[in-house]
Amino acid sequence: MPAVCDSLLGDIEDIISEQDPKPQDLQFRRKNVIPKVRKRHSQKNVETDCDDPPSDSVIPGVQKIWIRTWGCSHNSSDGEYMAGQLAAYGYRITDNAAEADLWLLNSCTVKSPAEDHFRNSIKKAQEEKKKVVLAGCVPQAQPRQDYLQGLSIIGVQQIDRVVEVVEETIKGHSVRLLGQKKDNGKRLGGARLDLPKIRKNPLIEIISINTGCLNACTYCKTKHARGDLASYPIEELVNRAKQSFQEGVCEIWLTSEDTGAYGRDIGTDLPTLLWKLVEVIPEGAMLRLGMTNPPYILEHLEEMAKILNHPRVYAFLHVPVQSASDSVLMDMKREYCVADFKRVVDFLKEKVPGITIATDIICGFPGETDEDFQETMKLVEEYKFPSLFINQFYPRPGTPAAKMHQVPAQVKKQRTKELSRLFHSYNPYDHKIGEKQNVLVTEESFDSKFYVAHNRFYEQVLVPKNPEFMGKMVEVNIFEAGKHFMRGSPVSDARVFTPSITRPLAKGEVSGLTEEFRHALENSSESKACPSAERHKGPLSYRMAMQLPWQQGGGVLKALSLSVTLLAVLIAFYYRGV
């Protein structure tokens, strides 16, 4: 839908309707108004009962919404929060894109292919006449791109206002909320953590501990969207973890653009947070750390080793190296050298026996020579990382790396293939055949033939599909190993241990609904029996329970909406000569 009044309105918190007149057209129309006399018809037999609303009416809160998320676990968490708020409001979240009335597309800007999928999905939605709301890092970083014009956008720090954006989009408006959340001028971590959510997996809670980072990597587009580091207070994170366990979660993932930098902006650090979190983890439940860059983990190696040895924390850490060439790292502005990375890995492997170190490598970064690439190959040969994310370099618009001298596409592809061949030349789990391991079962395999569990080192173990195992800690014998997994059979006298302190939520059930929320939903359900009578009860009660921004004094969106409505009424009366 094309935007109107582009010359006068910005792209932050604007409500733009296709029917709204352009200011420059008003003077011309004024001169050509011909008053008309309208005949008044008496209305007879007006129905006041609960009949269906007219076909041209729009009642927000009853539509079906399809949500698609690309990218990292931080994005996944944002998607879960948006789904939860919309479901609590009354919208129906569906897995069927074709039957949905509105598509909420939550994007990732790390790689060009991810943005291409996002762009194609927008085009498909428009072809199928779907309402569209865009979220995630792509529109946040570049909201003025041509293919985003006229579409509703919700910023990465504004996901607590997704109900507003969807409601206005359903009504035919285009809404853009891209502002930064601040408290007394200080940037906040983002939306609050006690919002309702629908976990994609009811057994796994993803908690964003901070947003943004302290780096300025020359290839990174995410920084344009997520900005500088902003951490959540420890108390809020601990409370979120407690709530998750009370809802049957048995595994928590901590995520952010850089977990290692946590707390630097609020006078604390990652180890302090982790020690507080392990205090509230039930026996048998597990905590998984997210990605941390080498500079920040270097400062806390001793403490991190102790934490990673804790029985309720996976001995797993994702530390991206990106390249084993110091000159390439310098061009990337990664703020460490290869020796720093090796120091982190060597120390943790010594102090945390068996630890899994996952890492990332970019092939074909601008200026990378054959010698640089061979250094990277040697690093992989030396450490034989069991988890390696190999990425072909894609220049992202607006980043410094996009303006550097590019490595030919064919060379990038060749290096990517060569590194992939090396990675697949070794099997990291063969030596574990015959071991007994305790594994936590949390999901079903893609082919639906097995349940997927993880051992102490967050290595994937496939187990038989026994419903009794789901969400439980089980002891298994490892009898087979592949490149990315092991297979285990339960020991004959194994004790199935239940780590959760309560029954998990059902798939699709909304998390975080307080009694006040549930009361609001009950009111909404009662009004559904009579769609044309007081259908607003549920949404209004929900808004009061949520204390959304429009009721906290700001009122920008509401004021704009009322102003547009009033203007439309005045113009209509003037044109009709009333």
Side-chain angles (χ1 to χ4, degrees), residues 73 76-77 79-88 93 191-209 232 234-255 273-289 310-314 438-444 451-456 458 461 463 465-476 490 494-522 525 542 545-546:
S73 54
S76 297
S77 178
E80 291 178 350
Y81 275 122
M82 289 189 284
Q85 293 171 85
L86 292 167
I93 308 301
R192 70 191 208 213
L193 296 174
D194 61 349
L195 294 170
K197 70 157 41 179
I198 295 178
R199 298 185 183 96
K200 185 177 180 181
N201 184 335
L203 298 173
I204 298 175
E205 167 72 359
I206 306 173
I207 302 179
S208 303
I209 63 175
Y232 287 97
I234 289 178
E235 183 181 2
E236 292 182 19
L237 295 166
V238 172
N239 287 339
R240 182 68 202 183
K242 287 180 180 178
Q243 177 190 323
S244 302
F245 292 124
Q246 290 167 357
E247 293 174 337
V249 162
C250 62
E251 186 171 287
I252 284 183
W253 297 358
L254 300 186
T255 185
L273 167 65
L274 295 178
W275 285 125
K276 291 292 185 181
L277 285 173
V278 296
E279 292 177 4
V280 302
I281 301 176
E283 184 182 356
M286 298 297 291
L287 174 69
R288 192 195 82 169
L289 301 185
H310 194 283
R312 297 174 195 174
V313 179
Y314 285 118
N438 287 318
V439 298
L440 181 58
V441 184
T442 55
E443 55 190 318
E444 188 177 281
Y451 281 161
V452 177
H454 291 93
N455 62 15
R456 168 87 178 83
Y458 203 71
V461 180
V463 300
K465 283 186 65 175
N466 182 342
E468 185 184 355
F469 294 162
M470 186 58 73
K472 311 292 196 304
M473 189 77 76
V474 183
E475 188 178 18
V476 299
R495 180 173 70 98
V496 177
F497 182 75
T498 305
S500 300
I501 61 178
T502 187
R503 180 189 64 82
L505 299 178
K507 189 173 180 61
E509 188 174 352
V510 180
S511 155
L513 290 185
T514 63
E515 287 303 316
E516 194 171 9
F517 277 111
R518 295 185 189 282
H519 181 67
L521 290 178
E522 289 172 4
S525 298
Y542 171 83
M546 285 292 293

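The figures here come from the full heavy-atom set of this structure, side chains too, leaving out hydrogens, waters and symmetry mates.
Of the possible polar contacts, one joining the Tyr81 side chain to the Leu193 backbone as a donor-acceptor pair under 3.5 Å is found. In terms of modelled atom types and a separation under 3.5 Å, the side chain of Glu509 and the main chain of Ala506 share a donor-acceptor contact. Between the side chain of Lys507 and the main chain of Lys200, a donor-acceptor pair closer than 3.5 Å is present. With hydrogens and angles ignored, the 3.5 Å screen pairs a side-chain donor or acceptor of Ser244 with a backbone N or O of Arg240.
At most 12 heavy atoms of other shown residues, nucleotides or ligands fall within 6.0 angstrom of atom CD in Glu235.
Qualifying salt bridge (charged side-chain N to carboxylate O under 4.0 Å, His left out) partners for Glu251, counting only residues two or more places apart in sequence or in other chains: none. Scored by the salt bridge (charged side-chain N to carboxylate O under 4.0 Å, His left out) test, Lys465 finds Glu444 as partners (sequence neighbours excluded). Remark: Arg312 engages no residue in a salt bridge (charged side-chain N to carboxylate O under 4.0 Å, His left out) (not counting sequence neighbours).
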Would you sort out whether Glu247 and Ser511 count as a side chain to side chain donor-acceptor pair (under 3.5 Å), showing the intermediate values? CA-CA 7 Å; Glu247 293 174 337; Ser511 155; 2.6 Å; yes
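Between Leu505 and Arg199, some side-chain heavy-atom pair lies under the 4.5 Å cut-off.
In this structure, Arg456 fails the cation-pi test against Tyr314, since its NZ or CZ atom is not both closer than 6.0 Å to the six-membered ring centre and inside 45 degrees of the ring normal.
Salt bridge status for Glu236 with Arg192: absent, with no side-chain N to carboxylate O gap under 4.0 Å.
A distance of 13.0 Å separates OG1 in Thr502 from CZ in Phe245, rounded to the nearest 0.5 Å.
Residues Leu440 and Met473 share a closest heavy-atom pair of N-SD, 3.8 Å.
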